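To keep things clear, I will list the structure first and then write my remarks on it.
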Amino acid sequence: MAAISTKQKLLQLIEDTEIISKEIFELMSTPKQQQRADAPETQKLMELLVLKDKEIKENLKIAAEQAEIQKTVDELKTEVDKRDTDIRNLQKNLKEAETILSTAIYQAKQKLEAIRQANNKTISSEELIKFAHKISASNAVASPPTWTPGDPRRPYPTDFEMRLGFLGKCSGDLPINGQQLQSQGSYGEPMSSNRTSAGLGEPTSASTPSSVSSWQPPPELHHSLSTGSGGASGFLTEIKGHNKENEDVGFMSSDSSSSSSSDE
Amino acid sequence: MAEQAAENELSFLALVCDVLKSIEKESHDVTQKMTDLKSQLQRARDCVEKMPGIQYSKTEQLKQIDVLRNQMAVKTELLQKYKHMQTFDLSQ
């Protein structure tokens with residue numbers, strides 16, 4: 001059970017003082033003959049009043065001490081609140097740092113994984129440059145910087161290049177491997193060949209006849225071409241027409257390979 | 001100073017004596033004196049309501065101080081721990 005607070009004690013003492021005073025005034029104002037038989041003596045009531053006054057004085061001293069203690073309590077509470085704020089700020093900062101660090105670690109791990117993958121599957125720069133030339137020589141991956149509407153140079157990939165790409169692989173209509181990519185690279189550009197034959201400015205002047213003669217269609221294609229209808233033979237004619245453009249690619253690739261080997 | 005003021009507000013004996021004297025003399029100002037005493041009692045109650053820290057007993061207050069000091073110690077220790085924490089623990 002909680003102890004009675006000083007406030008309650010003081011209020012109780014004030015109440016007592018009021019009651020005792022009233023009792024004394026009643027006794028004093030009533031003539032002795034009319035007083036009740038069990039009425040308390042005035043002297044005793046006065047003593048009780050003095051006693052209550054003493055108690056009030058004592059409790060006031062305690063109240064003064066408690067006021068001092070309360071000051072200490074308030075100061076301590078302020079300090080504790082300040083510490084709480086500091087701790088909260090510090091925790092917030094630490095959490096922020098943790099988030100930044102975990103992001104950095106995640107990115108670093110990704111980079112390490114990429115490095116590991118690159119180390120496992122090393123590709124020579126020569127080959128990479130060759131391929132870059134191959135896909136960019138005919139403006140298949142990006143239009144030339146000076147391209148404007150009406151320019152005959154293609155700012156888009158051909159049907160064949162599309163089939164060589166990821167989407168073509170997904171559809172699975174043409175099985176492609178590295179060998180085929182090299183060997184078939186010369187017959188997949190019907191649109192560009194049309195333009196080339198019409199003399200629309202495709203940069204093919206650097207082609208060499210040797211790279212044309214080196215091309216051989218893959219066995220399955222050869223089979224389909226030889227056994228196919230007139231449409232197939234037309235396709236073959238088209239393919240032959242396109243060799244010219246890919247010769248250019250071949251030339252550039254060989255050019256870059258020779259340059260990179262000369263660097264070594 | 002505040003203690004003195006509170007003591008003045010909470011002293012009733014003088015006023016009670018005044019009322020008793022008036023009753024003995026059968027004076028006309030008895031009612032006035034009694035009203036004064038009543039006002040003094042009300043002022044005393046108001047004064048008690050405003051006193052700081054007396055809503056608890058002294059024992060409770062001292063206990064509260066102990067609790068707050070313990071909290072202070074724990075929180076200060078935690079802050080020190082955070083501030084002197086190794087930025088990177090490379091031992092693990």
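Quantities reported herein were computed from a predicted structural model and do not represent experimental measurements. Values below: all heavy atoms of this structure, side chains included; hydrogens, waters and symmetry mates excluded.
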For this session: Determine the option with the most heavy-atom pairs under 4.5 angstrom with chain A, choosing from B:R45, B:R69, B:M34.
Result: B:R45
Problem set entry | Closest non-hydrogen atom pair, A:S21 against B:V16 | OG-CG2, 3.6 Å
For this session: Under 4.5 Å heavy-atom distance to chain A, tell me which part of B:L41 shows up: side chain, backbone, both or neither.
Result: both
Problem set entry | Interface moiety of A:D86 toward chain B, non-hydrogen atoms closer than 4.5 Å | both
For this session: Check whether more than 12 heavy atoms from other residues, nucleotides or ligands sit under 6.0 Å from atom CD of B:E26, and answer yes or no.
Result: no
Exercise. Are any non-hydrogen side-chain atoms of B:Q40 and B:R43 less than 4.5 angstrom apart?
Worked result: yes
Problem set entry | B:D29 CG to B:D36 CG distance, which is reported to the nearest 0.5 Å | 9.0 Å
Exercise. In terms of heavy-atom proximity below 4.5 Å to chain B, should A:I69 be classed as side chain, backbone, both, or neither?
Worked result: both
Exercise. Side-chain contact, heavy-atom cut-off 4.5 Å: B:I54 with A:S5?
Worked result: no
Problem set entry | Portion of A:L94 that has a non-hydrogen atom of chain B nearer than 4.5 angstrom | side chain
Exercise. Salt bridge or not for A:K9 and A:E55, using N-O below 4.0 Å?
Worked result: no
Problem set entry | Residue part contacting chain B, namely of A:I56, when any heavy atom lies under 4.5 Å | side chain
For this session: Answer with side chain, backbone, both or neither: which region of B:L10 has an atom nearer than 4.5 Å to a non-hydrogen atom of chain A?
Result: both
Seminar exercise, completed: Note: vs chain B, highest number of non-hydrogen pairs under 4.5 angstrom among A:N59, A:D84, A:I62 is A:D84
Problem set entry | Heavy-atom contact with chain A under 4.5 Å, split by part of B:L15 | neither
For this session: Go through the atoms of B:M72 and report whether side chain, backbone, both or neither lie under 4.5 Å from a heavy atom of chain A.
Result: both
Exercise. Between A:K61 and A:E58, is there a salt bridge with N-O shorter than 4.0 Å?
Worked result: no
Seminar exercise, completed: So, the part of A:Q91 with a heavy atom under 4.5 Å from chain B: the answer is side chain
Seminar exercise, completed: Okay, B:E49 and chain A: the region with an atom under 4.5 Å from a heavy atom over there is both
Problem set entry | Test item: A:Q8 and A:Q12 side chains (from C-beta on) under 4.5 Å apart, heavy atoms | no
Exercise. Mind checking whether A:V73 and A:K77 have side chains closer than 4.5 Å, heavy atoms only?
Worked result: yes
Exercise. Pick from A:L13, A:L90, A:I24: which one has the most heavy-atom pairs with chain B under 4.5 Å?
Worked result: A:L90
